[in-house]
Amino acid sequence: MRIDAARVIITSPGRNFVSVKIETDQGVYGVGDATLNGRELAVASYLQDHVLPCVVGRDPRRIEDIWQYLYRGAYWRRGPVTMSAIAAVDMALWDIKAKMAGMPLYDLLGGKSRDGVLVYGHANGADIAETVDEVGRYLGLGYKAIRAQSGIPGLAAAYGVGRGKDYYEPADASLPSETVWDTRKYMQFVPGLFEKLRETYGQAPQLLHDVHHRLTPMEAARLGRALEPYDLFWLEDATPAENQEAFRLIRENTVIPLAVGEVFNSIWDCKDLIQNQLIDYIRVPVVRAGGITHLRRIADLAGLHQVRTGFHGATDLSPVTMGAALHFDSWVPNFGIQEYMRHTPETDAVFPHAYYFEDGLLHPGDAPGHGVDIDEKEAARFPYKPAYLPVTRLEDGTMWNW
Ligand SMILES: O=C(O)C(=O)C[C@H](O)[C@H](O)CO
Ligand SMILES: [Mg+2]
């Protein structure tokens, strides 16, 4: 068996997606996601100019060998561009292997460990009252776990609070838009949001919150303590994690569950966090860290240390990543939760998929492979449109973490 053709497909049904389609001499093909929000064309070029020419002619059944070839063979290892490109090839190859076996991917990975995948949705509002209402709306839709983000008094924009209700897309401008951040205003405000949510909805709903890398370790520790009475499922990205040691200080000062990893690219970015049990949930998604092949290694290491998965699932991760993630989530023994931000109907039309939502859970469906296709005619209707993520400054103009 051999790979006959491999190509990149860029489409923008409301937002940009970079996909890979790998075709074989047996008529079976596989699809992978390589989207890196705001830096899409770098990955497209890495694939087109450097990766895909090395893949054509190889045996698609040799997934591990191709992974090692692309990782070791480049000499230049890791990083979001390289690892997203490898991930796309890897996802497509697992898709092919499962289709050849006539099995849904979860069966090939070892079979289902659960009946459905617990997901959390995103509730956001301009202020506490609106955010509380939004959480109520998500509960009404059947969600059992909800992330809550609110506008902050005195700040014009806050992370996670979009203009629309159902679809949030932060990459919104052809050059980065600028927002302003103030840590004290945020820290003084957020505990009140969760106090109100518990007062309104009681103890049953799982509540989550994303700090989006904005705090120092000590500030994160203080926020964690302040939020402890409200029994959060997790506090996410409390501080930037380039320095994994930073989490020790947070851990030593609060028992709030911690999640991190949506920007990580490999096991090396999280191995200290995991081995020292400095986090509770690892968020590295399939697309960011070399695909199923490498994510399995991260999940297994995490399992040894009772760290569970909670993969990133914002809309910049295409339905292909969502499909692959749901098969992985269905199998992985140390599953925690899956983020789920709904894609627009235009995106769903470009990527027909077998997965579906029911009663607060996502199900991967039983189609052979990862269950997500790409409709190339539909994709061609939406040309690439430059779109950047915003940047953030402190009130005095100092650059900060968005
Ligand atoms: O979904 C989340 O938790 C995020 O933090 C979303 C990110 O801001 C987004 O994926 C950036 O592209
Ligand atoms: Mg996040």
Side-chain angles (χ1 to χ4, degrees), residues 12 14-18 33-43 80-81 83-84 87 119-124 138 143 145-150 157-164 166-173 176-177 179 181 186 190 206-215 220 223 232-241 247 257-265 269-270 279-289 309-322 325 336-344 347 362 385-392 400-402:
S12 191
R15 67 159 344 286
N16 293 315
F17 294 109
V18 177
D33 175 28
T35 309
L36 183 60
N37 207 2
R39 297 292 186 270
E40 295 89 355
L41 298 186
V43 190
V81 173
M83 298 306 276
S84 301
V119 296
Y120 69 90
H122 285 207
N124 4 288
Y138 270 84
Y143 285 81
I146 301 157
R147 186 187 95 162
Q149 308 287 140
S150 168
Y159 164 75
V161 183
R163 284 176 291 273
D166 287 321
Y167 308 108
Y168 168 60
E169 180 45 64
D172 57 358
S177 49
T179 59
W181 174 253
Y186 169 77
V190 171
Q206 296 280 14
L207 297 175
L208 302 86
H209 184 67
D210 189 351
V211 179
H212 219 253
H213 325 268
R214 304 272 169 107
L215 302 180
L223 181 67
L232 266 62
F233 187 95
W234 78 34
L235 187 68
E236 177 186 334
D237 286 336
T239 197
F247 273 74
L258 298 170
V260 73
E262 65 183 44
V263 302
F264 292 172
N265 324 123
D269 298 330
C270 50
I279 55 169
D280 300 280
Y281 296 94
I282 183 70
R283 284 181 48 71
V284 194
V286 189
V287 61
R288 204 59 67 234
T309 63
F311 297 148
H312 188 202
T315 36
D316 46 301
L317 294 97
S318 96
V320 179
T321 283
M322 183 53 79
I337 202 164
Q338 169 68 51
E339 181 179 14
Y340 177 44
M341 246 173 123
R342 281 172 46 205
H343 288 109
T344 60
T347 299
L362 272 174
K385 222 173 125 196
Y388 281 91
L389 289 170
V391 296
T392 296
W400 199 245
N401 315 312
W402 173 70

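Counting convention: from 1, in listed order, for ligands and their atoms alike.
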Criterion side chain to side chain contact (heavy atoms under 4.5 Å, CB included) against Val211, the qualifying member of Asp237, Asn401, Val190, Leu235: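 It is Leu235; the other options fail the test.
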
Using distance alone, determine whether [X] and ligand 1 share an N or O pair under 3.5 Å.
{"X": "Glu339", "answer": "yes"}
{"X": "His122", "answer": "no"}
{"X": "Trp402", "answer": "no"}

Could you pull out, from [options], the option with a heavy atom nearest to [atom]?
{"atom": "atom 3 (O) of ligand 1", "options": "Glu236, Arg288, Arg39", "result": "Glu236"}
{"atom": "atom 7 (C) of ligand 1", "options": "His213, Glu262, Glu169, Arg147", "result": "Glu262"}
{"atom": "atom 11 (C) of ligand 1", "options": "Thr35, Leu317, Asp237, Asp316", "result": "Asp316"}

Quick one: which ligand 1 atoms are inside 4.0 Å of a heavy atom on [X]?
{"X": "Arg283", "answer": "2 (C), 3 (O)"}
{"X": "Ala314", "answer": "1 (O), 6 (C), 10 (O)"}
{"X": "Asn37", "answer": "12 (O)"}
{"X": "Asp210", "answer": "2 (C), 3 (O), 4 (C), 5 (O)"}

Check: What's the shortest distance from atom 8 (O) of ligand 1 to any protein heavy atom, and which residue and atom give it?
Finding: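 Protein heavy atom with the smallest distance to atom 8 (O) of ligand 1: His212 NE2, 2.7 Å.
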
Report the nearest protein non-hydrogen atom to atom 4 (C) of ligand 1: residue, atom name, distance rounded to 0.1 Å.
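Here the closest protein heavy atom is Tyr159 OH, 2.9 Å.
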
| said: I'd like the atom name of the N/O/S atom in Asp210 lying closest to the Mg ion (ligand 2). | reply: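 The atom in question is OD2.
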
Nearest heavy atoms of Phe247 and Val260, plus distance in Å: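 Smallest interatomic distance, heavy atoms only, reads CZ-CG2, 3.8 Å.
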
| request: For residues Met341 and Thr315, report the shortest heavy-atom separation together with the two atoms involved. | output: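 Here Met341 and Thr315 meet closest at SD-N, 3.6 Å.
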
Could you label the plane-to-plane angle of the His212 and Tyr159 rings as parallel, tilted or perpendicular, counting under 30° as parallel and over 60° as perpendicular?
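Parallel.
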
Please verify the inter-ring angle class for Tyr143 with Tyr340; under 30° counts as parallel, over 60° as perpendicular, anything in between as tilted.
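Parallel, since the angle between the ring planes stays under 30°.
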
Would Arg288 and Glu262 pass as an ion pair if we require N to O under 4.0 Å?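 No, no charged N to carboxylate O under 4.0 Å.
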
Q. How wide is the angle at the Mg ion (ligand 2) between OE2 of Glu236 and OE1 of Glu262, to the nearest 10°?
A.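 Between OE2 of Glu236 and OE1 of Glu262, the angle at the Mg ion (ligand 2) is about 90°.
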
- Could you state the interatomic distance from CZ (Arg147) to CD1 (Ile337), rounded to the nearest 0.5 Å?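 Reported to 0.5 Å precision, the distance equals 12.0 Å.
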
side-chain contact (heavy atoms from CB on, under 4.5 Å) between Phe233 and Tyr281: does it pass, once the steps are laid out? CA-CA 10 Å; Phe233 187 95; Tyr281 296 94; 3.5 Å; yes

inquiry  = Using side-chain contact (heavy atoms from CB on, under 4.5 Å), reason through Val284 and Phe311 one step at a time and then give a plain yes or no.
reply    = CA-CA 6 Å; Val284 194; Phe311 297 148; 5.5 Å; no

